[in-house]
Number of protein chains: 2
Amino acid sequence: MINLKALKEQALQNPEVKAEYDRLAPEFELATTLISMRQRAGLTQEELAKRLHTQKSNISRLERGDSNPGWKTLQRYADACGFELSVQAQRHKTAI
Amino acid sequence: MINLKALKEQALQNPEVKAEYDRLAPEFELATTLISMRQRAGLTQEELAKRLHTQKSNISRLERGDSNPGWKTLQRYADACGFELSVQAQRHKTAI
DNA sequence: AGCTGAGTTATCATAAAGGATAACTTGATC
DNA sequence: GATCAAGTTATCCTTTATGATAACTCAGCT
């Protein structure tokens, strides 16, 4: 299967691509940030699941982005990957 | 009543304090970011609640920080205040 | 072809978020 | 001291997130 997500993940293995990606990171959506953290930690979904005392299927669900994870859930995920999450607010590019 | 939160809110009315606060913002917790966004938008909890088609009590619950709001909830809140949220991952200050 | 590792999907149970309503506190103003 | 605006707290209900288990796809490998 070739889809956008697969391409993204593959591209992120390239350090140069990764650097530019990070520079633009705020533009990207949450799910991609999650996947990026896990991959930079060198973890599989199953390994991460163990650290979080949960199941790989639940990790997959988070990373597929079709839910609405709680902030503390995201923090625990990040922590298990060796990251700290912070939220940033920027003024809207006003529509009017 | 004088408590930490009241002091914070009052201090944030001062533009200089606000600027420094923003510089350090990532250190602060989510609830403070929420309150800051609403105040910078010049909205009361009730006004914001109307924009979100909900109740002021629910806004209060979010801002008091004793729950675990979903990411999309936070985005809607921010949007209604004229902001866009992004999440940022930074490597842990490793404990060992 | 079969095996394995990584991730996905489906489903169920339970905990928690979010919506709604009402009563309450507190500070300010008259 | 009555009133009002802003925020808090308590409670109930419905929806959803999360934990758990199992079966599945798919790629790579021998």
Side-chain angles (χ1 to χ4, degrees), chain A residues 1-14 28-81 85 87, chain B residues 1-14 29-82 85 87:
Chain A
M1 175 193 57
I2 298 226
N3 61 14
L4 179 57
K5 192 174 136 210
L7 285 175
K8 254 190 206 169
E9 297 200 17
Q10 195 176 353
L12 287 174
Q13 307 293 0
N14 178 334
F28 290 69
E29 79 279 356
L30 183 62
T32 312
T33 302
L34 294 181
I35 296 172
S36 168
M37 284 192 291
R38 178 171 59 80
Q39 292 187 334
R40 288 165 76 182
L43 296 171
T44 66
Q45 288 185 343
E46 194 163 19
E47 290 166 335
L48 178 54
K50 253 193 192 94
R51 291 195 185 187
L52 290 167
H53 308 104
T54 184
Q55 278 63 43
K56 62 176 183 170
S57 57
N58 298 325
I59 302 296
S60 171
R61 186 167 49 190
L62 278 181
E63 293 184 356
R64 295 211 21 281
D66 53 0
S67 100
N68 182 26
W71 178 244
K72 290 172 185 168
T73 306
L74 298 174
Q75 286 183 311
R76 283 192 294 268
Y77 180 110
D79 186 65
C81 292
L85 278 193
V87 68
Chain B
M1 175 192 59
I2 298 227
N3 60 15
L4 178 57
K5 192 172 138 215
L7 285 175
K8 252 189 206 167
E9 296 200 16
Q10 194 176 352
L12 287 174
Q13 307 292 359
N14 178 334
E29 79 280 357
L30 184 61
T32 312
T33 302
L34 293 181
I35 295 172
S36 169
M37 283 192 292
R38 178 172 59 78
Q39 291 186 335
R40 289 165 76 182
L43 296 172
T44 66
Q45 289 185 344
E46 194 163 19
E47 291 166 335
L48 178 53
K50 254 193 192 95
R51 291 196 187 186
L52 291 167
H53 307 104
T54 183
Q55 278 64 40
K56 62 177 183 171
S57 57
N58 298 324
I59 301 296
S60 172
R61 186 167 52 190
L62 278 182
E63 293 183 357
R64 297 216 17 283
D66 53 359
S67 99
N68 182 26
W71 177 245
K72 289 173 188 169
T73 306
L74 298 174
Q75 286 183 311
R76 282 191 293 268
Y77 179 109
D79 185 65
C81 292
L85 279 192
V87 67

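Quantities reported herein were computed from a predicted structural model and do not represent experimental measurements. Excluded from the calculations below are hydrogen atoms, water molecules and symmetry mates; all remaining heavy atoms, backbone and side chain alike, are included. In what follows, every chain begins at residue 1, and chains take the letters A, B, ... in the order their sequences are listed.
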**Report entry** Summary of salt bridge (Lys or Arg N to Asp or Glu O under 4.0 Å) pairs that have at least one residue in residues 65-80 of chain B, sequence neighbours excluded
**Finding:**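 Only Arg64(B)-Asp66(B) qualify under salt bridge (Lys or Arg N to Asp or Glu O under 4.0 Å).
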Nucleotide [N], atom [atom2] - distance to [atom1] of [X] in whole Å:
{"X": "Gln55(A)", "N": "dT11(C)", "atom1": "CD", "atom2": "C1'", "value": "14 Å"}
{"X": "Lys50(B)", "N": "dG19(C)", "atom1": "NZ", "atom2": "P", "value": "16 Å"}
{"X": "Gln39(A)", "N": "dA6(C)", "atom1": "CD", "atom2": "P", "value": "13 Å"}
{"X": "Glu63(B)", "N": "dA17(C)", "atom1": "CD", "atom2": "C1'", "value": "17 Å"}
{"X": "Leu48(B)", "N": "dT8(D)", "atom1": "CG", "atom2": "C1'", "value": "16 Å"}
{"X": "Leu52(A)", "N": "dG19(D)", "atom1": "CG", "atom2": "C1'", "value": "12 Å"}
{"X": "Arg64(A)", "N": "dT25(D)", "atom1": "CZ", "atom2": "P", "value": "16 Å"}
{"X": "Lys56(B)", "N": "dA20(C)", "atom1": "NZ", "atom2": "C1'", "value": "13 Å"}

Report task. Measure from the side chain of Ser57(A), starting at C-beta and using heavy atoms only, and say which of dT8(C), dT9(C), dA10(D) lies closest. Result ->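 Among dT8(C), dT9(C), dA10(D), the one nearest the side chain of Ser57(A) is dT9(C).
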Show each protein N/O and nucleotides 15-18 of chain D N/O combination with a separation under 3.5 Å, one pair to a line.
{"unit_1": "dA17(D)", "atom_1": "OP1", "unit_2": "Asn68(A)", "atom_2": "N", "d": "3.2"}
{"unit_1": "dT18(D)", "atom_1": "OP1", "unit_2": "Gly70(A)", "atom_2": "N", "d": "3.0"}
{"unit_1": "dT18(D)", "atom_1": "OP1", "unit_2": "Thr73(A)", "atom_2": "OG1", "d": "2.6"}

Query - Pairwise side-chain contact, Leu34(B) with Ile59(B), heavy-atom cut-off 4.5 Å (strictly under) - result: no
**Report entry** Phosphate-side-chain proximity, Gln45(A) and dA6(C), N/O vs OP1/OP2 below 4.0 Å
**Finding:** no
Report task. Return the minimal non-hydrogen interatomic distance between Gly65(B) and Ala31(B), and the atom names on each side. Result ->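 Reported closest heavy-atom pair: CA-CB, 4.1 Å.
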**Report entry** Over all atoms of both residues, closest heavy-atom pair of Cys81(A) and Ala41(A)
**Finding:**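 For Cys81(A) versus Ala41(A), the nearest heavy atoms are O-CB, 3.4 Å.
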Report summary line: Residues at least two apart in sequence or cross-chain that pass side-chain hydrogen bond (donor to acceptor under 3.5 Å, both in side chains) with Ser67(B), listed by chain then number, are none
Just list the side-chain donor-acceptor pairs under 3.5 Å for residues 49-57 of chain B, sequence neighbours left out, or say none.
{"unit_1": "Arg51(B)", "atom_1": "NH1", "unit_2": "Ala80(B)", "atom_2": "O", "d": "2.8"}
{"unit_1": "Thr54(B)", "atom_1": "OG1", "unit_2": "Asn58(B)", "atom_2": "ND2", "d": "2.8"}

**Report entry** Spacing of Arg38(B) atom CZ and Leu62(B) atom CG [to the nearest 0.5 Å]
**Finding:** 11.0 Å
Report task. Quick one: pull up CH2 in Trp71(B) and CD in Glu29(A) and give me the separation to the nearest 0.5 Å. Result -> 11.5 Å
Report task. Determine the contact category for Thr44(B): base if any of its heavy atoms lies under 4.0 Å from a base atom, sugar-phosphate if only primed atoms, P, OP1 or OP2 are that close, otherwise nothing. Result ->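 Sugar-phosphate only.
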Query raised in the report: Hey, what bend do you get for the helix from dA1(C)-dT30(D) to dC30(C)-dG1(D) if you fit axes on five pairs at each end, rounded to 10°?
Result: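 Result, rounded to 10 degrees: 30°.
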Report task. Determine, step by step, whether Leu74(B) and Leu30(B) satisfy the side chain to side chain contact (heavy atoms under 4.5 Å, CB included) criterion, reporting the C-alpha distance in whole Å, the side-chain angles of both residues, the deciding distance to 0.1 Å, and the verdict. Result -> CA-CA 9 Å; Leu74(B) 298 174; Leu30(B) 184 61; 3.9 Å; yes
